[in-house]
Amino acid sequence: MCLSRISRGIGFLSLVAGALAQANITNVGPPPNNTKVLILGGGMAGIIAARTLHEQGVDDFVVVEAKTELGGRMIPKAFGLTGRQFVVELGPSWIQGTQEGNGTANPIWLLAQKHNLSTVYNDIYGSVSFFDYNGPNNYSDTYNAALDSFEQATVLAGQRLRNNQVDMDLRSAYSLMGASPQTPQEDACEYYQVDFSPSQTSWLASAWNNNFTYVPESGGYSDANQMSIDQRGFAYIVQAEAAEFLKSNQLLLNQSVSSIHYNQTGVTVQTAGGYNLTAEHVLVTFSVGVLQNTDVVFDPPLPDWKREAVNSMEMATYTKIFLQFNETFWFPTEMGLYADQQRGKYPIWQSLDHAGFFPGSGIIFATVTGDYALYVEQLTAQELQTEVMGVLRAMYPNTTIPDPAALHVPPAWSMDELYRGAYSNYGASFVPGHADNLRATVDDRVWFAGEATSVKYFGFLQGAYIEGQDVAAYIARCVQQGGACEEIPYDSSIVNAQPYSGVLPSYA
């Protein structure tokens with residue numbers, strides 16, 4: 001799943017400015033009005049969509065971004081004491097699935113190679129140490145059984161689909177297989193497989209998500225996870241790509257969108273900074289979390305079939321808590337798994353003071369997801385430190401552990417009006433019509449793209465890339481054909497069935 005999160009590092013803006021300056025991308029006043037296409041959002045989907053329009057010969061577009069830099073939820077942070085600072089990633093860190101031999105390559109992997117992004121293989125599932133509330137405890141057999149259960153669940157999902165059986169959530173699948181956890185250790189191992197993505201993930205969709213990413217035999221890329229350790233930040237690949245084609249009058253930074261007005265003749269986008277931007281088409285790359293809230297007003301309101309599709313998704317939370325110590329006292333592996341009596345209490349740990357990552361940094365971080373991540377968002381810095389240190393000291397009961405020299409208080413993803421969560425998730429039960437309608441255009445004027453609109457790759461950066469590319473190709477043809485727009489088809493390869501047609505009933 002998207003291993004994702006927020007905040008800006010000192011010096012990062014200057015790096016971005018330098019990258020953009022190479023292509024003369026600076027805001028020098030308002031962009032031209034009455035454009036063909038407005039692209040709302042300068043993350044992966046938005047920039048790849050802009051690049052696709054450019055490649056298709058449509059350069060009459062403007063990218064509108066709420067922040068002062070491009071990258072969306074790819075957010076680097078300069079963390080640590082003075083003289084021991086390292087750029088870490090609060091948002092996505094990993095390229096999930098790369099390339100198997102000469103097979104299909106993850107486009108994010110190709111983009112990283114093109115822009116010389118520094119990455120390292122992260123053995124997330126193979127290099128793990130085990131702990132519980134009594135200290136070190138080798139429950140690797142339980143862990144390996146959980147790995148097997150997840151693989152079995154993906155196989156059974158395919159059988160369930162072929163038998164035309166109803167979808168269920170992934171944890172219910174575990175229960176049907178007789179693999180429900182009975183101990184804190186079993187709970188932690190299931191969490192490592194299931195709650196890295198939310199526990200209410202669709203059984204069917206989670207299988208596609210895994211197979212199309214990690215299993216080459218199923219059309220996936222590879223089973224490798226490459227982690228960015230680039231000190232320019234993971235977002236550099238978006239910024240460097242934009243610098244190759246974006247011109248100064250095609251980018252409007254630091255302008256959040258307040259409303260989108262649309263009719264049969266065009267669209268008008270109003271920003272909080274006072275701009276009224278008009279165009280023939282608008283591409284919305286906001287997260288489903290933003291669409292589920294009232295942060296952006298649509299006039300007229302989006303139709304019921306679209307709103308139902310938007311609200312069929314979950315906007316998940318995924319929070320990283322970084323700590324720096326003067327001395328390293330923890331496990332020699334890359335990852336640590338902690339089993340608490342309370343499910344989800346700081347279970348996943350990763351050492352960055354590790355060969356290949358940032359040796360000598362003294363940095364370790366914990367990951368929390370779901371309801372516990374929402375709870376963590378309410379804590380003060382002192383409360384958070386007390387809780388996190390309580391877990392570390394439980395993991396090492398015979399070691400005197402000092403308080404951290406530096407602590408990064410994570411952002412409140414769920415409350416940030418630019419995101420309203422970290423990444424999308426298809427909940428149970430998956431309905432093909434919802435996926436179709438989430439991606440569909442409204443009145444041939446309002447278009448949608450992002451990781452959420454990808455059934456194969458929801459929650460992953462490649463989902464945002466591919467959706468931005470695909471939808472922009474349809475927009476380009478629509479513009480070039482004088483407004484004769486094609487319907488975006490449902491990806492029938494997902495379900496190996498007839499494409500879904502029509503819309504779900506209106507609730508009006």
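When reading the values below, keep in mind they use all heavy atoms of this one structure, side chains included, and skip hydrogens, waters and symmetry mates.
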Residue pair Tyr457, Tyr221: steps toward the ring-ring contact (aromatic ring centres under 6.0 Å, His included) verdict: CA-CA 12 Å; Tyr457 306 111; Tyr221 305 121; 5.7 Å; yes
Residues Glu334, Asn122; criterion side-chain hydrogen bond (donor to acceptor under 3.5 Å, both in side chains); working and verdict: CA-CA 8 Å; Glu334 296 179 25; Asn122 188 183; 2.7 Å; yes
Check against side-chain hydrogen bond (donor to acceptor under 3.5 Å, both in side chains), Thr68 and Asn254: CA-CA 5 Å; Thr68 55; Asn254 200 28; 6.0 Å; no
Test log, rule side-chain hydrogen bond (donor to acceptor under 3.5 Å, both in side chains), inputs Thr369 and Tyr191: CA-CA 10 Å; Thr369 64; Tyr191 186 104; 2.7 Å; yes
Full working for side-chain hydrogen bond (donor to acceptor under 3.5 Å, both in side chains) between Thr98 and Asn106: CA-CA 5 Å; Thr98 53; Asn106 185 331; over 6 Å; no
Stepwise side-chain contact (heavy atoms from CB on, under 4.5 Å) test for Leu70 and Leu251: CA-CA 10 Å; Leu70 300 175; Leu251 178 63; 3.9 Å; yes
Full working for side-chain contact (heavy atoms from CB on, under 4.5 Å) between Val290 and Leu418: CA-CA 7 Å; Val290 171; Leu418 298 185; 5.8 Å; no
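Across Glu241 and His115, no two heavy atoms sit closer than the pair OE1-NE2, 2.6 Å. Here the closest heavy-atom approach between residue Asn225 and residue Gly97 is recorded as OD1-N, 4.5 Å. When every heavy atom of Val455 is checked against every heavy atom of Ala435, the shortest pair comes out as CG2-CB, 3.4 Å. Contact detail for Ile47 and Gly42: the closest heavy-atom pair is CG1-O, 3.7 Å. Nearest heavy atom pair, residue Gln231 against residue Val87, reads OE1-N, 2.8 Å. Of all heavy-atom pairs between Leu302 and Arg307, the closest is O-CD, 3.0 Å.
Of the charged side-chain nitrogens involved, at least one lies within less than 4.0 Å of a carboxylate oxygen, so that Lys114 and Glu244 count as a salt-bridged pair.
For Asp167 and Ser202, the side-chain atoms include at least one donor-acceptor pair closer than 3.5 Å. Side-chain contact annotation: Asn276 with Thr268, donor-acceptor N/O pair under 3.5 Å absent. Gln270 and Ser259 are linked by a side-chain donor-acceptor pair at a separation below 3.5 angstrom, with hydrogens and angles left out of the test. Under 3.5 Å, the side chains of Thr441 and Asp444 contain no donor-acceptor pair of N or O atoms. For the residue pair Thr35/Asp60, the side-chain donor-acceptor check at 3.5 Å is not satisfied. In the model, Ser287 has no side-chain atom that pairs as donor or acceptor with a side-chain atom of Tyr423 under 3.5 Å. Side-chain polar atoms of Lys320 and Ser93 form a donor-acceptor pair below 3.5 angstrom. In summary, the side chains of Gln99 and Thr104 do not present any donor paired with an acceptor at a separation below 3.5 Å, with no hydrogens or angles considered.
Residues Trp208 and Tyr426 place their aromatic rings such that the two centres sit no closer than 6.0 Å.
No side-chain donor-acceptor contact under 3.5 Å links Ser454 to the backbone of Glu451. Between the side chain of Asn263 and the backbone N or O of Gly266, at least one donor-acceptor pair lies under 3.5 Å. Between the side chain of Glu65 and the main chain of Leu252, no donor-acceptor pair closer than 3.5 Å is present. Judged purely by atom type and a 3.5 angstrom limit, Arg445 has no side-chain atom pairing as donor or acceptor with the backbone of Val267. Judged by distance alone, with hydrogens and angles left aside, the side-chain atoms of Asp169 form a donor-acceptor pair with the main-chain N or O of Arg171 at under 3.5 Å. The backbone N or O of Gly220 lies less than 3.5 Å from no partner atom in the side chain of Ser218, so there is not a single donor-acceptor pair.
Qualifying side chain to side chain donor-acceptor pair (under 3.5 Å) partners for Asp230, counting only residues two or more places apart in sequence or in other chains: Arg232. Among residues two or more places apart in sequence or in another chain, the ring pair (Phe, Tyr, Trp, His ring centres under 6.0 Å) test is passed with Phe358 by Phe86. For Gln292, the side chain to side chain donor-acceptor pair (under 3.5 Å) criterion is met by no residue, not counting sequence neighbours. Among residues two or more places apart in sequence or in another chain, the ring pair (Phe, Tyr, Trp, His ring centres under 6.0 Å) test is passed with Tyr262 by none. Under the ring pair (Phe, Tyr, Trp, His ring centres under 6.0 Å) criterion, Phe448 pairs with no residue at all, not counting sequence neighbours. By the ring pair (Phe, Tyr, Trp, His ring centres under 6.0 Å) test, Tyr465 is found to be paired with no residue, residues two or more places apart in sequence or in another chain being considered. Applying the salt bridge (Lys or Arg N to Asp or Glu O under 4.0 Å) rule to Glu151 yields no partners; only residues at least two apart in sequence or on another chain are considered.
With rounding to the nearest 0.5 angstrom, the CG atom of Leu283 is 11.5 Å from the CZ atom of Phe61. In this structure, the separation between CD1 on Ile229 and CG on Leu352 is 10.0 Å, given to the nearest 0.5 Å.
Between Gln193 and Ser149 there is no side-chain heavy-atom pair separated by less than 4.5 Å. Between Val269 and Val64, every side-chain heavy-atom pair lies at or beyond the 4.5 Å cut-off. Between Thr319 and Tyr372, every side-chain heavy-atom pair lies at or beyond the 4.5 Å cut-off. In this structure, the side chains of Tyr474 and Trp447 come closer than 4.5 Å at one or more pairs of heavy atoms. Asp223 has its side chain out of reach of Gln96: every pair of non-hydrogen atoms, C-beta onward, lies at least 4.5 Å apart. Taking 4.5 Å as the limit, every side-chain heavy atom of Val310 sits out of range of all side-chain heavy atoms of His434. In this structure, the side chains of Val288 and Thr453 stay at 4.5 Å or more apart for every pair of heavy atoms. In this structure, the side chains of Phe357 and Gln350 come closer than 4.5 Å at one or more pairs of heavy atoms.
Contacts classified as disulfide (SG to SG under 2.5 Å) and involving residues 447-486 (residues at least two apart or in different chains) are given here: Cys478-Cys485. Within the structure, salt bridge (Lys or Arg N to Asp or Glu O under 4.0 Å) pairs that include any residue of residues 93-102 do not occur (at least two apart or interchain). Residue pairs meeting the salt bridge (Lys or Arg N to Asp or Glu O under 4.0 Å) criterion with at least one member in residues 287-299, sequence neighbours excluded: Asp295-Arg420. Residue pairs meeting the salt bridge (Lys or Arg N to Asp or Glu O under 4.0 Å) criterion with at least one partner in residues 463-481, sequence neighbours excluded, are Arg439-Glu467, Arg439-Asp470, Arg477-Glu486. Applying the salt bridge (Lys or Arg N to Asp or Glu O under 4.0 Å) test to pairs two or more places apart or on separate chains, those with a residue in residues 259-287 are Lys36-Glu280.
For the pairing with Met44, the side chain to side chain contact (heavy atoms under 4.5 Å, CB included) check across Thr285, Ile108, Ile466 returns one residue only, Ile108.
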